[in-house]
2 protein chains.
Amino acid sequence: MTETTPRRRDAERTRAELLTVATEVFATSGYAGTRVDDIAARTRTTKRMIYYYFGSKEQLYLAVLENAYRGIRAAERDLHPGDLPPLEAVRRLAELTYDHHLGHSDFIRLVSIENIHHGEYISRLGSLREVNRDALGILDGVLARGRAEGTIRDDVDALDVHLVISSYCFFQVANRHTFGHLFDRDLLDPALRDHHRRIIGDVVAAWLSAPAADG
Amino acid sequence: MTETTPRRRDAERTRAELLTVATEVFATSGYAGTRVDDIAARTRTTKRMIYYYFGSKEQLYLAVLENAYRGIRAAERDLHPGDLPPLEAVRRLAELTYDHHLGHSDFIRLVSIENIHHGEYISRLGSLREVNRDALGILDGVLARGRAEGTIRDDVDALDVHLVISSYCFFQVANRHTFGHLFDRDLLDPALRDHHRRIIGDVVAAWLSAPAADG
DNA sequence: CGGCTAATGTAATCACCGGTACGTTCACAT
DNA sequence: ATGTGAACGTACCGGTGATTACATTAGCCG
């Protein structure tokens with residue numbers, strides 16, 4: 001981060017650098033807690049440029065949010081369970097999701113922050129909707145295969161499964177601090193990673209292979 | 001909220017009112033997003049009193065946080081699964097926790113906020129630690145019974161189970177807005193409540209009754 | 001080269017916000 | 001009833017932080 005390139009003018013680079021740094025700062029301090037001066041100070045350029053490229057603190061935050069969601073989508077496209085039996089595929093997906101969340105804590109924090117704000121900013125980014133929808137497509141396919149085989153219960157849909165997996169993985173990152181303090185267990189301790197990853201795999205595999213409850 | 005009691009002087013009431021209102025405002029707007037003037041405006045008293053009773057915005061927030069955690073502990077004491085077979089007891093506990101979380105969204109939001117701040121405030125409230133520890137006691141007892149009977153797998157501990165249950169319930173409240181926007185499903189829609197409650201029950205019951213993986 | 005615009009830098013502005021100085025009034029004890 | 005301290009209210013201060021007015025330079029195009 002220290003003085004890699006000379007100060008030649010480069011709009012793209014300047015803009016990109018601001019976005020990257022802003023992402024870190026917003027993720028670290030929240031929206032209201034972030035100082036525009038602070039973002040600027042961490043770049044090779046000045047506060048003036050934030051207004052030149054983004055117009056306002058709010059629009060910068062919106063750009064950060066949209067960029068983060070798009071980046072996550074791209075990363076999620078690599079989450080393919082492969083060609084496994086349905087139950088194993090879901091287990092695999094859960095474990096991949098676990099690693100994925102742990103590797104994108106800035107994004108997780110931005111989501112938390114956005115929820116603190118009652119989603120008022122994300123609701124202005126309508127274009128993101130389609131993005132996450134097809135993340136469910138893969139899962140839906142796997143579940144359908146399993147239901148056809150009779151190896152997966154038929155009273156849950158992809159969104160339910162997604163919810164269970166996401167909740168668990170999200171919590172590990174989002175609530176690391178309070179949980180760690182109250183229970184003396186650092187959820188992100190590398191030594192616990194395999195244990196925690198296996199748990200979410202076990203949980204969904206056991207759940208989905210159990211017989212459906214009678215309506 | 002409008003003019004219930006005359007303005008007779010009452011230190012306890014004033015303090016309590018400030019604490020209640022501050023809890024709502026902090027939970028709604030986050031720490032940095034909260035304006036001390038705003039809290040004062042929503043009470044029958046003035047900003048001056050916040051400083052009189054709490055000293056600073058920060059100390060007010062600490063009081064809110066501590067108070068919220070203590071209140072939750074009290075409420076959690078009523079979460080008794082009753083005298084059921086171990087597996088059913090855990091299911092019951094999961095479903096009670098679900099309702100409990102949904103009924104305390106202010107608290108959930110404060111926890112999110114506190115994690116945004118890397119737990120820096122909660123870490124100053126050491127007295128809270130013991131509180132949550134014995135919330136695990138009940139669960140631990142149930143699991144032990146089940147393991148002895150052979151109805152509950154022996155490779156998970158109370159904290160693991162607590163983590164799975166809390167994650168799911170927490171997520172429903174904490175991520176309501178982003179999830180709702182991205183997937184068009186309002187997690188707190190009353191019509192979905194029974195469905196969601198049943199899921200977490202099914203999940204833990206299926207998981208814990210499955211045979212332990214070989215080491 | 002000369003010039004024109006995109007890109008950048010400097011230094012202010014102005015509202016907002018946490019905190020306080022100072023004055024007043026209530027309620028209780030004697 | 002009155003003195004005294006706790007409880008309360010008003011008006012203000014000083015700094016901070018988002019935003020902008022104005023000045024400048026760099027690079028490209030002909």
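A, B, ... follow the sequence lines: proteins, then strands. Residue 1 opens every chain. What you see below is based on every heavy atom in this structure, not just the backbone, and it leaves out hydrogens, waters and symmetry mates. Just so we're clear, the structure is a prediction, and the values are computed from it rather than from any experiment.
The ring pair (Phe, Tyr, Trp, His ring centres under 6.0 Å) search around A:Y121 returns A:Y31, A:Y61, A:H117, not counting sequence neighbours. For the side-chain hydrogen bond (donor to acceptor under 3.5 Å, both in side chains) test, residues two or more places apart in sequence or in another chain that qualify with B:D155 are B:R153. In terms of the ring pair (Phe, Tyr, Trp, His ring centres under 6.0 Å) criterion, A:H101 has no residue partners (sequence neighbours excluded). The side-chain hydrogen bond (donor to acceptor under 3.5 Å, both in side chains) check on A:R197 picks up A:D99, A:D194, with sequence neighbours excluded. Here B:Y98 pairs with nothing under the ring pair (Phe, Tyr, Trp, His ring centres under 6.0 Å) rule; sequence neighbours left out. Under the rule for a side chain to side chain contact (heavy atoms under 4.5 Å, CB included), the partners of A:D37 that lie at least two apart in sequence or sit in another chain are A:K47.
For the pair A:R44 CZ and C:dT8 P, the computed distance is 11 Å after rounding to whole Å. A:E17 places its CD atom 13 Å from the C1' atom of C:dT8, with the value rounded to the nearest Å. What separates CG of B:L18 from C1' of D:dA7 is a distance of 12 Å, to the nearest Å. Rounded to whole angstrom, the span from the OH atom of B:Y52 across to the P atom of D:dT10 amounts to 17 Å. The separation between B:F26 atom CZ and C:dG18 atom P is 9 Å, rounded to whole Å. Between the P atom of C:dA6 and the CE atom of A:M49 lies a distance of 13 Å, rounded to the nearest Å.
Not one N or O on the side chain of A:E66 forms a donor-acceptor pair closer than 3.5 Å with the backbone of A:L125.
Between its opening and closing five pairs, the helix from C:dC1-D:dG30 to C:dT30-D:dA1 changes axis direction by 10°, a value rounded to 10 degrees.
Phosphate proximity of D:dG9 to B:T45: present, with a side-chain N or O under 4.0 Å from OP1 or OP2. Contact check, B:T46 against D:dT10: no side-chain N or O comes under 4.0 Å of OP1 or OP2. Distances shown here put a side-chain N or O of B:Y53 below 4.0 Å from the OP1 or OP2 atom of D:dC8.
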(Q) Protein within reach of the bases, or only the backbone? For nucleotides 11-24 of chain D, mark each nucleotide 5' to 3' as B, S or -, using heavy atoms under 4.0 Å. (A) ------SBBBBB--
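Considering only heavy atoms from C-beta on, A:V204 stays 4.5 Å or farther from A:L93 through its side chain.
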If you look only at distance, which donor and acceptor atoms sit under 3.5 Å apart when one is on a side chain in residues 103-112 of chain B and the other is two or more places apart or in another chain?
residue, atom, partner, partner atom, Å
B:H104, ND1, B:H100, O, 2.8
B:R109, NE, B:A27, O, 2.6
B:R109, NH1, A:N115, O, 3.3
B:R109, NH2, A:I116, O, 2.7
B:R109, NH2, A:H118, NE2, 3.2
B:R109, NH2, B:A27, O, 3.0
B:R109, NH2, B:T28, O, 3.2

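Among the heavy atoms of the strands, none lies under 4.0 Å from B:F54.
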